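Everything quoted here is computed from the prediction, not taken from an experiment.
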Amino acid sequence: MTAALNQYSESASDWRAALSRNSRRTYLVIALFILLYILLGLLIDTIVYFEISYHTIPPQDIFLDLITLKLMPRVTIVTALIGIVSLIVVFMFHDKLVLMGTQYHEITPNSARDLEEKQLYNIIEELKIAAGLRFMPRVFIIEADYMNAFASGYSEKSAIVAITRGLMKKLDRDETQAVMAHELSHIRHMDIKLTLMATLLSNIMLMIVDMLFWNAYYRGGRRREGGGGGGYLMLIIVLLRYILPLVTMLLLLFLSRTREYMADAGCVELTRNNEPLARALLKINGDHAENTALYTKEYNQSSHDSLRRTAYFFDPTVAGIKSHNALGEWLSTHPSLQKRLAALGFTKKL
């Protein structure tokens, strides 16, 4: 046990309960995103039918007819198709986007340049077997001094894992294995697919609400002539424009933190040891805190870094920051170091 970990008391961590609990939370968040997306489509349908009826049918009656399928929810169907097509396109290209802007090379059994690279490939191959994955993820090394790793890909077959040179050099074999087990757990749990789906649905909803707002704003006079029904619709649109971005952001951040807890628990499941991951977290946090200025410059020089932030094993924006307020937690993509360690069974000694 490292000196840093000696400052923590260890207790048993129930990775099965953690996986089950966070899995339920994940699917609740995804269900909320899908429900919001459908409701937004139904709202547009309501507005369209309200305009077609020349404001003679109350919006609530139109909405009721739509959900009971007395009226065909055409716009809802179209928005659903747009969402599906957009997801397919994003899934196809996301693994390429996350590597853009970095200097990297792929490792294969025949292309490993040294013993360390060969060992890394062997570690991931062992974990792939332990995880029961059908396909070996492609393995990439990013030539960067900062310590981090991430996984990408919309399926097992398209999955990739990437690790920085700095992380590979500064962690021992067990710690590297723990980090890679965390990343393979993201692949096992379909985290990339779920996170991309939620993010894409959020972005489409925000664009639609913005268009609805400006359309309603420029046609405000006609809506007011329609009486109370038009006023209610305008009020809903205005509220959505200012509330929906906050709601979706908080849901996405909660989803990201939930999947990190799941991947940590998945790491313990695969390695049957909670200590290497805890050591790795402490080392990475300490290294980022010591080299904040240097690493911030490196991160900022990499294009598409915002795409990688939620995928990273460690969120570089919180290195060395000790946040003790709820707001700081809500606005974070990753759980705090102390909470991740506590979930692994390590609590700070008083």
Side-chain angles (χ1 to χ4, degrees), residues 90-114 116-128 131 133 135-171 173 175-196 199 256 259-260 263-264 266-267 270 277 280-281 283-284 287-288 295 298-317 319 333-334:
V90 170
F91 287 160
M92 287 174 62
F93 295 103
H94 184 261
D95 55 329
K96 298 176 179 65
L97 286 174
V98 292
L99 286 168
M100 288 180 66
T102 63
Q103 183 183 349
Y104 64 89
H105 71 274
E106 184 174 0
I107 300 176
T108 65
N110 299 321
S111 68
R113 300 176 182 178
D114 52 41
E116 285 182 331
E117 292 189 2
K118 179 66 176 175
Q119 178 178 267
L120 175 65
Y121 191 90
N122 290 342
I123 287 172
I124 297 171
E125 193 169 39
E126 291 167 9
L127 289 169
K128 174 255 179 186
L133 297 177
F135 301 97
M136 177 70 181
R138 296 171 68 191
V139 183
F140 292 87
I141 290 183
I142 297 174
E143 300 297 340
D145 292 329
Y146 55 82
M147 299 172 70
N148 229 324
F150 62 86
S152 183
Y154 67 92
S155 66
E156 284 186 24
K157 192 172 184 179
S158 68
I160 69 168
V161 289
I163 179 175
T164 63
R165 180 72 65 180
L167 188 144
M168 190 171 69
K169 290 284 187 184
K170 296 172 186 176
L171 296 185
R173 190 190 190 281
E175 292 160 356
T176 301
Q177 182 186 48
V179 173
M180 291 296 97
H182 172 102
E183 297 305 332
L184 262 68
S185 293
H186 278 309
I187 297 169
R188 286 179 76 201
H189 302 154
M190 299 186 297
D191 288 349
I192 299 99
K193 183 179 291 187
L194 291 171
T195 304
L196 281 177
T199 303
S256 177
R259 303 314 284 180
E260 289 304 313
D264 285 351
C267 165
L270 290 176
L277 184 61
L281 283 167
K283 279 188 180 180
I284 294 169
D287 185 69
H288 274 79
Y295 292 169
E298 278 196 77
Y299 281 116
N300 290 339
Q301 286 177 343
S302 300
S303 60
H304 299 278
D305 193 64
S306 59
L307 280 172
R308 287 184 286 272
R309 186 187 169 198
T310 55
Y312 277 136
F313 171 75
F314 178 84
D315 184 357
T317 64
T333 59
H334 291 56

What's the spacing between [X] [atom1] and [Y] [atom2] if we round to 0.5 Å?
X	Y	atom1	atom2	answer
Asp287	Phe314	CG	CZ	9.5 Å
Leu184	Leu127	CG	CG	6.0 Å
Ile123	Met168	CD1	CE	9.5 Å
Ile124	Met136	CD1	CE	5.5 Å
Asn110	Lys118	CG	NZ	7.5 Å
His105	Arg113	NE2	CZ	3.5 Å

Heavy-atom pair with the smallest gap, counting every atom of [X] and [Y]:
X	Y	answer
Thr195	Arg259	OG1-CG, 4.4 Å
Lys128	Pro137	CG-CD, 4.4 Å
Ala311	Ala151	CB-O, 4.1 Å
Cys267	Ser185	N-OG, 3.4 Å

- Task: Describe, in one word, how the ring planes of Tyr295 and Tyr146 are oriented to each other, choosing from parallel (under 30°), tilted (30 to 60°) and perpendicular (over 60°).
- Result: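 Plane angle over 60°, so perpendicular.
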Any [X] side-chain heavy atom under 4.5 Å of [Y] side chain:
X	Y	answer
Ile142	Phe150	yes
His186	Glu260	yes
Glu106	Ile160	no
Lys283	Lys170	no
Asn148	Ile284	no
Ile163	Thr176	yes
Thr199	Val90	no
Thr164	Phe313	no

Answer yes or no: is there a donor N or O on one side and an acceptor on the other, between the side chain of [X] and the main chain of [Y], under 3.5 Å?
X	Y	result
Ser158	Gly153	no
His334	Tyr312	yes
Glu175	Leu171	no

- Message: Any salt bridge linking Arg165 with Glu117? Criterion: basic side-chain nitrogen under 4.0 Å from a carboxylate oxygen.
- Response: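 Here Arg165 pairs with Glu117 in a salt bridge, since their nearest N and O are under 4.0 Å apart.
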